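Input: a single structure, listed below in structure tokens.
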Amino acid sequence: MSENIQQKIEALRQEIHQHNYSYYTLDEPTISDFEFDLKLKELQELELQFPEYYDSNSPTLRVGGQITKNFPTVQHQFRMYSLDNSYDFNDLEDWERRVQKTLNQPVEWVAELKFDGASISILYENGKLKEAVTRGDGFQGDEITSNVKTIPEIPLQLHGQYPDRFFMRGEIYLTQKNFQKINARRAEEGLDPFMNPRNTASGSLKMQDSAEVRRRGLSAVLYQYVGEQVPAATHWELLQQARIWGFKISDQARLCRSMEEVQQFINYWEEHRHQLGFEIDGIVIKVNELAQQRALGYTAKSPRWAMAYKYKAEKAETVLLSVSYQVGRTGAVTPVANLTPVLLAGTVVKRASLHNEDIIKKLGLHEHDHVYVEKGGEIIPKIVGVNLAKRNAENKEIEYIKNCPECGTPLQRIADQAIHFCPNELHCPPQVVGRMIHFVSRKALNIENLGSETIEQLYREKLVENPADFYALTKEQLLPLERMAEKSAQNIINGIEKSKEIPFEKVLYGIGIKHVGETVAKKLVKNFSSIDELRKATLEELVQVEDIGGKIAESITAFFANPENILMTERLRSYGVQLEKQASQNETVSQILQNKTFLFTGKLSLFTRDDAEEMVEKHGGKNISAVSKNLNYLVVGEKAGSKLKKAQELGTVTILDEQQFLDLIQK
Ligand code: AMP
Ligand code: ZN
């Protein structure tokens, strides 16, 4: 029986790996997305039911869900160098001459796009993805394997004939489309937008919840093979082989026989790069022959066999009309320059971001200045300089506003960040609206049909001012709103009613306590089973909870110190919103762990910490966060540290490995 199950799981995994390969590498899907999802779901369910057949490279890991608290530092076996830069063809020809002088033989070049993202090194052993590490300082980086596994173009299992052990290097980036999607979703959730795709990509790689990473929609491209065994004589051949093994290799890379061909490649992409759908900041040129690369070697910082050619950002001159200030939904203030419209990189530009006060000061910006605008990685262009020759001496210097343009409250400045924000969280209009949008968003109270525009309207009509007000709304109040049909009004009312069933942890996330995200809310609810318990918790008690640091704890106590927030939560309670954990009956599987306390430590490999804690609860046990006399079982994974030591010293704690824990609950 169990052998059958194991075979079935293995077969499903192989099949799904094959479909991934057809889809991402061959670009020839053989089944529909729907069928694919069904297979993945089937595998997921089997794995959940039979955790003993865990595989660290199962395609279900693509879906994410692994939580990483700290990313361990890993030494790079082969250093990750920078690239030397050149900015014009003269630089490039100088480099060619240096290369020729050392080698004194014909040279071929590979020209590639210079992807603007975060670089990554991935170790493959026996065809399986073993470990993924960020570039860091080039000598060591952060291990972010579980996050990288969620990126669809990264193969978990290779195909064909590959070396036993090697590293593949490449770039993780965001397409403009997915970057805009993320920002649209952030707007729906009442959050301020991200600035540019590159920083968003590298930030995403460091998120704790890999399911969240998955949702970001990252892309990957691989451009370098590194290893002790080298199965080809040229870089170009290595790329072609890597493609056959299942790696996503750029379709734009070209083998060039001369520097003229390289220059044509550079010119072509300088003109066409805006049609790629993702950002590049230049071209990378590499000597093709590996023997020649070895002969050239490295400087202290970069290979002598490669060179980056950086595109100049496109620039235009125009006139500053005014500076306006936008207050985001989180209260952050962004200064924006309004400009005389000008054509730049194929689009008409009317506004430019000024980022913050320090940048305005550094530019020394005056009213009506003639300014240079540039389009870098950012979606909105920025002002990079002033044409002083055209400045009129009477024009006054731009002074940063002192009060919130929305509510008049004096602005505050975060000392080390140069960012101004409006502290009037509860009454500043965009913040009020942001908070309500967040409350109804999918991951919070999930009130369908209540979009941000409707909320803005309701707020303008003074029908809602905080989340509790939604529950007092009537259909009659909704009907007079613009474009509000009978049916949609009824749907909204139904959605609001239905949200009363949303579990406490999502409500806690929804009420918008600063720094209490989805994951933190879950952790809190594990330890405090009602809003009243949480409200009574002291700073000391809060920081006891796993993953809750001082900043979060302070924000929670500050929230409950404000009577308006208490009033809001009391009103939510009176309308029947869930403010305590439901002891849902069907969730409990058994009571075999009744009165027993558990703690998990070290790197777990048979299950995730969240799953493990859930299993404990389903069997009637309790999770606690520290080793003490109250602890019955400590379950240890790899590299367990101080907690294990402390438990051994206490002598009252039963220490289990992961398998023993599974045996315990399967009894
Ligand atoms: P820099 O950060 O300017 O020194 O440029 C080096 C970085 O360029 C590397 O760390 C990579 O992240 C990135 N890069 C982007 N595309 C390529 C490519 N095709 N080949 C090599 N490096 C690339
Ligand atoms: Zn304000």
Side-chain angles (χ1 to χ4, degrees), residues 76 78-87 109-122 133-139 141 167-174 197-199 201-202 205 219-226 235-236 238-239 242 247-255 262 265-266 269 273 276 278-288 293 298-303 305-311 325-334 376-377 401-412 420-435:
H76 292 300
F78 300 91
R79 178 170 162 196
M80 290 180 85
Y81 285 89
S82 290
L83 290 173
D84 232 354
N85 289 324
S86 56
Y87 298 90
W109 317 90
V110 177
E112 301 169 13
L113 303 182
K114 188 169 190 299
F115 299 88
D116 202 9
S119 49
I120 181 96
S121 169
I122 312 173
V133 182
T134 63
R135 181 183 131 123
D137 62 1
F139 295 98
F167 298 87
M168 222 33 218
R169 289 181 183 170
E171 202 85 354
I172 310 288
Y173 65 96
L174 261 172
R198 186 204 326 109
N199 293 352
S202 59
L205 287 176
S219 302
V221 61
L222 288 308
Y223 47 64
Q224 199 83 37
Y225 172 97
V226 184
H235 173 59
W236 183 253
L238 283 174
L239 289 182
F247 291 104
K248 171 80 197 168
I249 304 297
S250 166
D251 294 326
Q252 287 86 19
R254 287 288 176 272
L255 181 61
V262 170
F265 184 88
I266 291 175
W269 286 112
R273 63 175 159 141
L276 282 167
F278 52 84
E279 312 261 347
I280 61 169
D281 61 340
I283 299 296
V284 181
I285 307 114
K286 297 170 185 167
V287 169
N288 188 32
Q293 288 190 2
Y298 295 82
T299 68
K301 272 177 47 202
S302 46
W305 47 264
M307 178 62 78
Y309 181 95
K310 291 255 179 141
Y311 286 129
Y325 298 84
Q326 291 173 346
V327 184
R329 287 171 174 162
T330 54
V333 178
T334 335
I401 48 163
K402 299 271 179 293
N403 294 75
C404 174
E406 297 278 349
C407 71
T409 306
L411 295 179
Q412 290 180 8
H420 286 76
F421 71 95
C422 168
N424 186 14
E425 263 171 58
L426 294 184
H427 299 286
C428 180
Q431 300 191 62
V432 170
V433 171
R435 186 178 184 193

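First listed ligand is number 1; within each ligand, the first listed atom is number 1. All residue numbers in this chain count up from 1 along the given sequence. A quick note: this is a predicted structure, and the numbers were derived from the prediction, not measured.
Ring planes of F278 and Y173: tilted class, angle from 30 to 60°. Aromatic ring orientation, F167 versus F78: perpendicular (interplanar angle above 60°, classes split at 30° and 60°).
For atom 3 (O) of ligand 1, the nearest non-hydrogen atom from the set Q252, M80, K114 comes from K114.
Ranking the protein heavy atoms by distance from atom 13 (C) of ligand 1 puts E171 OE1, 3.5 Å first. Looking at atom 19 (N) of ligand 1, its nearest protein heavy atom turns out to be E112 OE1, 2.8 Å. Summary of contacts: the protein heavy atom closest to atom 4 (O) of ligand 1 is L83 N, 3.3 Å. F115 N, 3.1 Å is the protein heavy atom nearest to atom 16 (N) of ligand 1. The single protein non-hydrogen atom nearest to atom 20 (N) of ligand 1 is K286 NZ, 2.9 Å, given as residue, atom name and distance. In terms of protein heavy-atom proximity, atom 14 (N) of ligand 1 is closest to Y223 OH, 3.5 Å.
Residue contact check for ligand 1: K310 places a non-hydrogen atom closer than 4.0 Å to it. Within the 4.0 Å heavy-atom cutoff, I280 does not count among the residues contacting ligand 1.
Atoms of ligand 1 lying under 4.0 Å from at least one heavy atom of R135, given by number and element, are 10 (O).
Contacts of L113 with ligand 1, taken as heavy-atom pairs under 4.0 Å, involve the backbone alone.
Because the distance cut-off is set at 2.8 Å, C407 qualifies as a neighbour of the Zn ion (ligand 2) through one of its N, O or S atoms.
Contact between V333 and F421 at its shortest, heavy atoms only, is CG2-CA, 4.2 Å. Contact between Y311 and I266 at its shortest, heavy atoms only, is OH-O, 2.7 Å. In terms of heavy atoms, P303 sits closest to L83 at CG-CD2, 4.4 Å.
The shortest N or O to N or O distance between N85 and ligand 1 is not below 3.5 Å.
A salt bridge links E112 to K286: at least one charged side-chain nitrogen sits closer than 4.0 Å to a carboxylate oxygen.
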Show your reasoning for whether side-chain contact (heavy atoms from CB on, under 4.5 Å) applies to C404 and N424.
CA-CA 9 Å; C404 174; N424 186 14; over 6 Å; no
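Atom CD of residue Q224 and atom NE2 of residue H235 lie 5.0 Å apart, to the nearest 0.5 angstrom.
When atom types are taken as modelled, the side chain of R254 and the backbone of V262 share no donor-acceptor pair closer than 3.5 angstrom.
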